Amino acid sequence: MENKLYVYNSKTGKKELFEPINPGHVGMYVCGPTVYNEVHLGNVRTFVSFDIIYRYLKYLGYKVRYVRNITDVGHLTESGEDKVLKRAKLEQLEPMELVQKYTNMFHEMMSIFNTLNPDIEPRATGHLIEQMEMVQEILDNGYAYEQNGSVYFDTLKFNKDYKSYGKLSGRKIDELFTETRDNLKNQDEKRHASDFAIWMKASDEHIMKWNSPWSVGFPGWHLECSVMSTKYLGETFDIHGGGNDLKFPHHENEIAQNIGARGVEPVKYWLHSNMLLMNGRKMSKSDGNTISPYELFTGNSEHVSKGYSPMAVRFFMLQSHYRSTLDLTDQAMQAAEKGYKKLMDAAQVVENMQYPGNNNNTTDIDEKILTILSAMENDMNDDFNTPKALADTFELVNYINKLKDGHLNFKEISIDTFNKIKDTFLKFIYEVFGFRKETAGEDNAMFEGMIELLISIRNEARANKDWATSDLIRDKLKELGIQLKDGKDGTGWSKI
Ligand code: AMP
Ligand code: ZN
């Protein structure tokens with residue numbers, strides 16, 4: 001592929017040559033979390049996948065603007081309740097207090113997994129005016145209608161004019177127009193089952209609501225991403241990402257809204273990552289087939305035999321392609337832990353290794369090594385194929401270990417090749433794959449972060465009068481030598 005990046009575009013179902021709209025610059029938007037509860041490992045997989053994509057684009061020298069939002073309003077449950085509001089009531093917190101709490105926890109988790117921060121992290125509630133403006137634009141263009149203070153997107157009219165509704169998700173239009181998809185109480189207000197709300201009139205007891213020309217209400221969930229992506233990246237931008245469960249209705253509706261408002265396709269390349277499974281089944285909280293990141297770190301779960309470090313989990317995630325499902329099993333985690341250690345041991349060796357002398361004669365071993373080095377880039381250029389790139393990296397690990405053990409003489413490779421191994425290998429490990437040395441000092445920062453997180457979870461359990469969980473956390477920490485102390489100003493901790 002000769003250093004040309006190809007990406008799989010979900011919209012066309014093809015791998016396409018990546019050519020950004022403005023040469024040298026990339027605008028990338030990824031749907032962020034809905035901050036109403038603890039981030040789960042499935043969410044982490046998606047954000048790690050896009051972290052790798054962000055990192056590799058930077059590695060290629062692009063100036064990337066990465067926007068990842070925080071959803072803090074409008075994401076409804078099956079029964080039509082706002083997820084944030086429902087949880088805020090349960091925890092007896094102000095909605096924004098709840099949002100802040102889980103945003104903080106999300107950030108901590110992202111930093112534990114060593115993902116890079118987005119360049120802009122906009123919140124839905126911070127963009128109400130822009131969302132109302134887009135509702136008005138869609139109304140003005142005739143692709144929405146008002147009904148009792150709510151505003152609905154007219155999918156039938158839109159499809160008549162643009163013939164593209166359902167294209168991203170591959171849905172059949174006829175089915176869509178009879179399916180009831182929106183979790184709305186007021187289905188009968190819609191002209192067609194496939195229409196969706198872009199503004200919703202709020203009931204009296206609803207707390208998060210704003211004045212608008214149509215009613216005191218709140219925006220539909222899909223609207224925030226249409227608005228915030230184009231506000232920060234332009235009417236058309238390069239990459240839009242998210243988990244593949246968001247293709248429909250979320251992303252399909254985003255496209256319809258943007259075209260309905262501005263008449264242009266917003267996104268050049270749609271990238272979707274696949275789901276995390278556990279023991280072969282989709283990870284899901286409702287049927288108990290789930291493990292939280294902390295349970296995985298501590299080993300405090302029936303699904304694993306021991307704890308695994310965050311970087312071993314990251315390694316595990318990179319071992320599969322972002323478009324494939326990833327199955328978490330104890331066995332796979334054990335293998336990932338070993339692989340990660342072997343890789344980082346080699347990194348340590350290569351960092352300290354000096355080439356003796358100044359030999360610049362090349363041999364066929366040089367040739368082989370240079371082929372591996374270019375294969376690493378070719379793999380990443382082939383729609384970010386991390387499992388293949390990792391496998392190639394391990395071929396370098398073999399050469400590095402042979403040099404260390406004296407099974408390969410330095411004279412058999414040139415100084416240039418040696419420097420190239422050192423440079424590319426270390427860049428891939430730290431910059432592209434985003435691994436971090438889990439040294440004592442850094443372990444400490446992560447350790448402290450994790451204790452703080454466990455304290456937050458325990459506080460939440462206490463607020464919910466879930467004494468069993470609260471006691472379990474306190475007792476297990478005590479067994480591990482950590483004493484929690486509850487005081488007026490919150491909970492502190494010390495090593496016993
Ligand atoms: P949410 O907080 O539910 O809005 O989801 C945040 C992101 O996590 C979205 O991009 C989802 O597609 C993604 N996601 C949710 N569940 C999973 C899962 N089991 N595996 C991978 N990604 C997921
Ligand atoms: Zn979104």
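Order of listing sets the numbers, starting from 1, for every ligand and every atom in it. These numbers come from a predicted model, not from an experiment.
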What do you reckon, does Asp245 have a nitrogen or oxygen under 3.5 Å from a nitrogen or oxygen of ligand 1? yes
Should we count CZ of Arg65 as having more than 12 external heavy atoms under 6.0 Å? no
Under 2.8 Å from the Zn ion (ligand 2), which protein N, O or S atoms are there? Could you list them by chain and number? Cys31 SG, Cys225 SG, His250 NE2
With heavy-atom distances below 4.0 Å as the criterion, list the atoms of ligand 1 near Leu276. 18 (C), 19 (N), 20 (N), 21 (C)
Where does Asn274 meet ligand 1, judged by heavy-atom distances below 4.0 Å: at the side chain, the backbone, both, or neither? backbone
Are the charged groups of Asp392 and Lys388 less than 4.0 angstrom apart, N to O? no
Hey, are Asn104 and Glu108 close enough side-chain-wise for a donor-acceptor pair under 3.5 Å? no
N/O of Asn244 under 3.5 Å from N/O of ligand 1, yes or no? no
Relative to the heavy atoms of Pro33, which atoms of ligand 1 are at a distance of less than 4.0 Å? 2 (O)
Does Gln257 reach the main-chain N or O of His222 with its side chain, forming a donor-acceptor pair under 3.5 Å? yes
Out of all atoms in ligand 1, which are within 4.0 Å of some heavy atom of His40? Include the element for each. 16 (N), 17 (C)
Test Tyr322 against every option in Asn244, Asn385, Asp383, Asn274 by the side chain to side chain donor-acceptor pair (under 3.5 Å) rule and name the one that passes. Asp383
Pairs flagged by side-chain hydrogen bond (donor to acceptor under 3.5 Å, both in side chains) wherever residues 205-219 is involved - sequence neighbours left out: Trp199-Ser212, Trp199-Ser215
side-chain contact (heavy atoms from CB on, under 4.5 Å) with Pro33: of Ile70, Val39, Thr103, Thr71, only one passes, and it is Ile70
Name the closest protein heavy atom to atom 17 (C) of ligand 1, giving the residue it belongs to and the distance to 0.1 Å. Met275 SD, 3.6 Å
Which residue, Lys247, His240, His251, Lys11, forms the side chain to side chain donor-acceptor pair (under 3.5 Å) with His272? His251
For Met200 against Gly220, the heavy-atom pair lying closest together: CE-CA, 3.9 Å
How about Lys306: does its NZ atom have over 12 heavy atoms from other parts shown lying under 6.0 Å from it? yes
Among non-hydrogen protein atoms, atom 14 (N) of ligand 1 lies closest to Asn43 ND2, 3.6 Å
Considering only the protein, which heavy-atom contact is closest to atom 2 (O) of ligand 1, and what is its distance? Thr34 N, 3.0 Å
Are the side chain of Ser10 and the backbone N or O of Trp270 linked by a donor-acceptor pair below 3.5 Å? yes
Answer yes or no: does an N/O atom from Gly42 fall short of 3.5 Å to an N/O atom of ligand 1? yes
Heavy atom to atom 22 (N) of ligand 1, shortest distance: which of Thr46, Leu246, Leu326, Val35 holds it? Thr46
For a quick check under 3.5 Å, do Thr329 and Asn279 share a side-chain donor-acceptor pair by atom type? no
Under 3.5 Å, N or O to N or O, is Gly243 touching ligand 1 that way? yes
